Each structure stands twice: as structure tokens, then as C-alpha cells.
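Following: one structure in C-alpha cells, then a few remarks.
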Amino acid sequence: MGTNHARRNLILAVLSLIVLAVLGIMMYSYSANTSEQKARLEAAVAEAEAYENEVNELRRSISSAQAELLSDASGIAQFVVGFVISSEDDIAYAEEKADEYGFEPVLLLNCNYELGELESLSVLASGTGHEIMLTASVFTSDTNETVTSLLSYMRRNSIECSDIFLLRSDYYSDSSVEMLISDGFSGYTVYNTTPTSGITDDGYITFDYSFLTVDSSSYTRFSSSYSNLSAMIVAVDMDSMRSGTLTESFVTSLLSTLSSYAGNEDCEFATVSEVTETLLAEDEEYREKLAEYEAYVSECKQRIEELEELIAEIYSGAY
């Protein structure tokens, strides 16, 4: 009995030693494998680090280039001062204010007047050498017929006219724009809460306008246009002055404000043609920069893909 018990204990002891030996071997093997895997992973991390840093740097560079492209705006605000005229006295008033405040006046013809009157005014305005621009207080298909007829008359008589139409916001629509473009205008004015200027996706020139009104809105729009370094035509309606809805003192005050802005390096008085020239040049420059940006981003993304493939290969070999 005692012998059997001793034999059983011996067998258990031997089995225990075998189990311990197996466990020891397994633990050693696991430890060795873990150490080896850890070493491979650390080596992979070290090898991939340079590639990962390059990827991060390329992504930062893309973001920086995008921010620079989006923030690239006009470096100067431009104000055009126009007068809606109906007589020689109106032209004299425009020239008086122009001399006093240092701008080149634009003479506006309201195409809601009778065609014969407009033809006479165009001849009168052309004799001054000032830029002529067309507008309309109400713009309809009938008004556009007047515009077409007046333009034909002016061409026959070699009278130059701006190819930007002062379109009032109440009559801005796709159909109105289509009519103006078919008339040969290359652009039109718009009225935005935040004044902007530029070239539309269709390639038309647009910038803001503001008719002088006896309230704070004129000051607010001038300030906003200046702050956004955009272009704006400011119009003085001489009929409004005759009716008393626009006073001499208010016109003087507003022109003084514009003159003070124009005294700064980032603002100037301009003509419609000068604004057009500026906007076209800025658009061309932007398109060139956009092409460079897109080519750069494409190159960066291609390089990022190559690097990410290398990084994936490095880590896959570590496991």
C-alpha cells in the first residue's frame, strides 16, 4: 500500500515537473517571440517615422496653400462716383464736385427717359470727355428696347459708352442679365449685403453700387465696401436733389467720407473702365494661382499615396 502511494506521488511529481518544463519552455518561447516582435515593431516605427513626418508636413503644406489661396483678395478698394444727369446744369454740378473732391465723374443716363432726350444727353455728355454709363430706375423689356436703340445711336455717332450696366437690385433677374449680355454689355452691378466685386463663373464683370440716400445706409455700405476692399459705384440722382429727397449737405458729407477713404493707400477713386481693368487683372492672377495650387495639391496627394503605401508595407512586415 505504501509502495503504491509512493509510486503515485513520484508519478505526480514527474508529471508536475514535465508540466512546469513545458510551461517554462512556452513562456520562454512567448517571451522570445514577444521580444522579437517588439523589436521588429520598434524598428518598423523608426523606419516609418520619417515617411509619416513627410506625410504630415505635406498635409500641413496643402492646408497652408489653400488658406493662402482663399485669403488672396484685392489689395485696394475702388470707388466710382456717378451722377444721373438730365441737363447741362447737372453735368456742371458733377464737374464741380469732382474738382472739389478729386475724382473723375461718370455721367449716368437713365434709360427710362424718352429716347430722344437720351440721345441729346449722350451727345452732351460725350462732349465733356467723361465716361458715360447707362442705368435704369425701372428695368423691363421695354426699357431694354430703349437701351438697344440708344446704344445703336451712340455707335453710329462714335459716342463711347461703358460696357458695364448699372442694374438696380429690384430688377436683377436672370432674364434681365440675359438681355443686357445680348446687348453687348460685359458686366453689370449688383447689390450685396456685404459688398463684393469680381468675375462670375460665366465670365461677367460684377461690382456693387449704392445710390446716395439720406440715412445711415450709405455710410454703412461705403464702410463695408472699403473694409472688404471691393469696388463700388456711388450714384447721385440729380432728380432726387431737385425733389428734395437728397440734400446738398448730405451729398457733401458723403463725398467727404469717400474722399477721406481715398486718401489712404488701400483705397482710390476710379472710373468704371479702371475698375473693370483691375477686376480682370485680379481674375487672371487668381486663375493662374488656382492652376498652380491645383497642380501642387495633385503632386502632394500623389506623394502622400506613395508614402502611405510604403508605411503600410513596413508595418505589415513587422507582424
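Here the structure is a predicted model, which is why all the values come from computation and not from measurement. Hydrogens, waters and symmetry mates play no part in the numbers below; they use all other heavy atoms, side chains included.
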Task: Close side-chain approach of I199 and Y286, heavy atoms under 4.5 Å - done: no
Open item on the list: Would you say CZ of R287 has more than 12 non-hydrogen atoms from neighbouring residues, nucleotides or ligands within 6.0 angstrom?
Closed with: no
Task: Backbone N/O of S240 and side chain of T245: donor-acceptor pair under 3.5 Å - done: yes
Open item on the list: Tell me the closest heavy-atom pair linking N110 and A136, and the distance in Å.
Closed with: OD1-CA, 3.5 Å
- [ ] Would you tell me whether E248 and T252 have side-chain atoms, one donor and one acceptor, within less than 3.5 Å of each other?
- [x] yes
Task: Between Y101 and E96: side-chain donor-acceptor atoms closer than 3.5 Å - done: no
Task: S63 side-chain N/O to R59 backbone N/O, donor-acceptor pair under 3.5 Å - done: yes
Open item on the list: Are L69 and K289 packed together at the side-chain level, in the sense that at least one heavy-atom pair is separated by less than 4.5 angstrom?
Closed with: yes
Open item on the list: If we count only N and O atoms by modelled type, under 3.5 Å, do the side chains of T206 and T200 hold a donor and an acceptor together?
Closed with: no
- [ ] Look at the aromatic rings of F165 and F185 and report parallel, tilted or perpendicular, splitting at 30° and 60°.
- [x] perpendicular
Open item on the list: Side chains of T146 and Y113 only: does a donor on one sit below 3.5 Å from an acceptor on the other?
Closed with: no
Open item on the list: Please evaluate residues L307 and L58 with respect to the criterion side-chain contact (heavy atoms from CB on, under 4.5 Å), reporting the C-alpha separation (whole Å), side-chain torsions for both, the decisive distance (0.1 Å), and the verdict.
Closed with: CA-CA 11 Å; L307 291 168; L58 286 169; 4.0 Å; yes
Open item on the list: Within the 3.5 Å criterion, strictly below it, is a donor on D266 or Y261 matched to an acceptor on the partner's side chain?
Closed with: no
Open item on the list: For E308, I'd like to know if atom CD has over 12 heavy atoms of other residues, nucleotides or ligands within 6.0 Å.
Closed with: yes
Open item on the list: Does I132 form a side-chain contact (heavy atoms from CB on, under 4.5 Å) with S162? I'd like the steps, not just the answer.
Closed with: CA-CA 6 Å; I132 299 173; S162 171; over 6 Å; no
Open item on the list: Within the 4.5 Å heavy-atom criterion, are M238 and Y93 side-chain neighbours or not?
Closed with: yes
Open item on the list: Strictly distance-based, threshold 3.5 Å: is any side-chain N or O of D283 a donor or acceptor partner for the main-chain N or O of L279?
Closed with: no
Open item on the list: Could you measure the distance from the CG atom of L121 to the CG atom of L108? Nearest 0.5 Å is fine.
Closed with: 11.5 Å
TODO: Measure the CD-CG distance between E178 and N144 for me, rounded to the nearest 0.5 Å.
DONE: 11.5 Å
Task: Any side-chain heavy-atom pair of E160 and S126 under 4.5 Å - done: no
Task: Minimal non-hydrogen separation, S197 against A231, with atom names - done: OG-N, 3.1 Å
Open item on the list: I need the Q78 CD to T278 OG1 distance, nearest 0.5 Å.
Closed with: 3.5 Å
Task: NZ or CZ of R221 within 45° of Y191 ring axis and under 6.0 Å - done: yes
Task: Heavy-atom pair of closest approach, residues L166 and A235 - done: CD1-CB, 4.4 Å
- [ ] Could you tell me whether E299 atom CD has more than 12 heavy atoms of other residues or ligands within 6.0 Å of it?
- [x] no
- [ ] Ignoring hydrogens and angles, state whether a donor on the side chain of S173 or S176 is under 3.5 Å from an acceptor on the partner side chain.
- [x] yes
- [ ] Report the residue from V272, T189, D163, I164 that forms a side chain to side chain contact (heavy atoms under 4.5 Å, CB included) with I205.
- [x] I164
- [ ] Scan L124, L109, T128 and name whichever one has a side chain to side chain contact (heavy atoms under 4.5 Å, CB included) with I85.
- [x] L109
TODO: Verify the cluster assignment for V80 and Y219: are they in a single hydrophobic cluster under the rule of side-chain heavy atoms below 4.5 Å apart?
DONE: yes
Open item on the list: Can you confirm whether E114 sits close enough to L118 that some side-chain heavy atom of one is under 4.5 Å from a side-chain heavy atom of the other?
Closed with: no
Task: Inter-residue atom distance C267.SG - I76.CD1, 0.5 Å rounding - done: 7.0 Å
- [ ] Flag the pair E54 and R303 as a salt bridge only when some basic side-chain nitrogen lies within less than 4.0 angstrom of an acidic carboxylate oxygen.
- [x] yes
- [ ] Taking S298 for its side chain and A295 for its backbone only, find out whether a donor-acceptor pair lies under 3.5 Å.
- [x] no
TODO: Flag yes if more than 12 heavy atoms outside E100 fall under 6.0 Å of its CD atom; otherwise flag no.
DONE: yes
Open item on the list: Quick check against the 3.5 Å criterion: does D208 have a side-chain atom that pairs as donor or acceptor with the backbone of P195?
Closed with: no
- [ ] List the steps, then state whether side-chain contact (heavy atoms from CB on, under 4.5 Å) holds for I181 with V177.
- [x] CA-CA 6 Å; I181 298 305; V177 170; 4.0 Å; yes
Open item on the list: Do V147 and M179 have side chains that approach each other closer than 4.5 Å (heavy atoms only, starting at C-beta)?
Closed with: no
TODO: Classify the ring geometry between F79 and F222 as parallel (under 30°), tilted (30 to 60°) or perpendicular (over 60°).
DONE: perpendicular
- [ ] Spell out, as yes or no, whether a donor-acceptor pair under 3.5 Å connects the side chain of E131 to the backbone of C161.
- [x] no
Open item on the list: I want to check something: taking the side chain as every heavy atom from C-beta on, are L290 and Y293 in contact at a cut-off of under 4.5 Å?
Closed with: yes
Open item on the list: Between R242 and D89, does any side-chain N to carboxylate O distance fall below 4.0 Å?
Closed with: no
Open item on the list: Using modelled atom types and a 3.5 Å cut-off, is there a donor and acceptor pairing between side-chain atoms of T196 and backbone atoms of N192?
Closed with: no
Task: Residue pair V123, I159: steps toward the side-chain contact (heavy atoms from CB on, under 4.5 Å) verdict - done: CA-CA 7 Å; V123 173; I159 298 174; 4.0 Å; yes
Open item on the list: If we ignore hydrogens and angles and just use 3.5 Å, is the side chain of S224 paired with the main-chain N or O of T220 as donor and acceptor?
Closed with: no
Task: Side-chain donor or acceptor of S64 paired with backbone N/O of S61 under 3.5 Å - done: no
Task: Inter-residue atom distance F211.CZ - S137.OG, 0.5 Å rounding - done: 8.0 Å
Task: Closest non-hydrogen atom pair between G82 and I233, with its separation - done: N-CG1, 4.5 Å
- [ ] Look only at the side chain of S122 and the backbone of E119, and say whether a donor-acceptor pair between them is shorter than 3.5 Å.
- [x] yes
Open item on the list: Tell me whether the count of non-hydrogen atoms from other residues, nucleotides or ligands lying under 6.0 Å of CD in E88 goes above 12.
Closed with: no
TODO: Give a yes or no on whether the ring-centroid distance for Y171 and F139 is below 6.0 angstrom.
DONE: no
TODO: Answer yes or no: does atom CD of Q302 have more than 12 heavy-atom neighbours from other residues, nucleotides or ligands under 6.0 Å?
DONE: no
Open item on the list: Is it the case that the side chains of S256 and S253 hold a donor-acceptor pair, with the cut-off being a distance below 3.5 Å and no angle test?
Closed with: no
Open item on the list: Could you tell me if the side chain of T135 sits less than 4.5 Å from the side chain of C111, heavy atoms only?
Closed with: no
- [ ] Mind checking the CZ-OG1 spacing from F250 to T247? Nearest 0.5 Å is all I need.
- [x] 7.0 Å
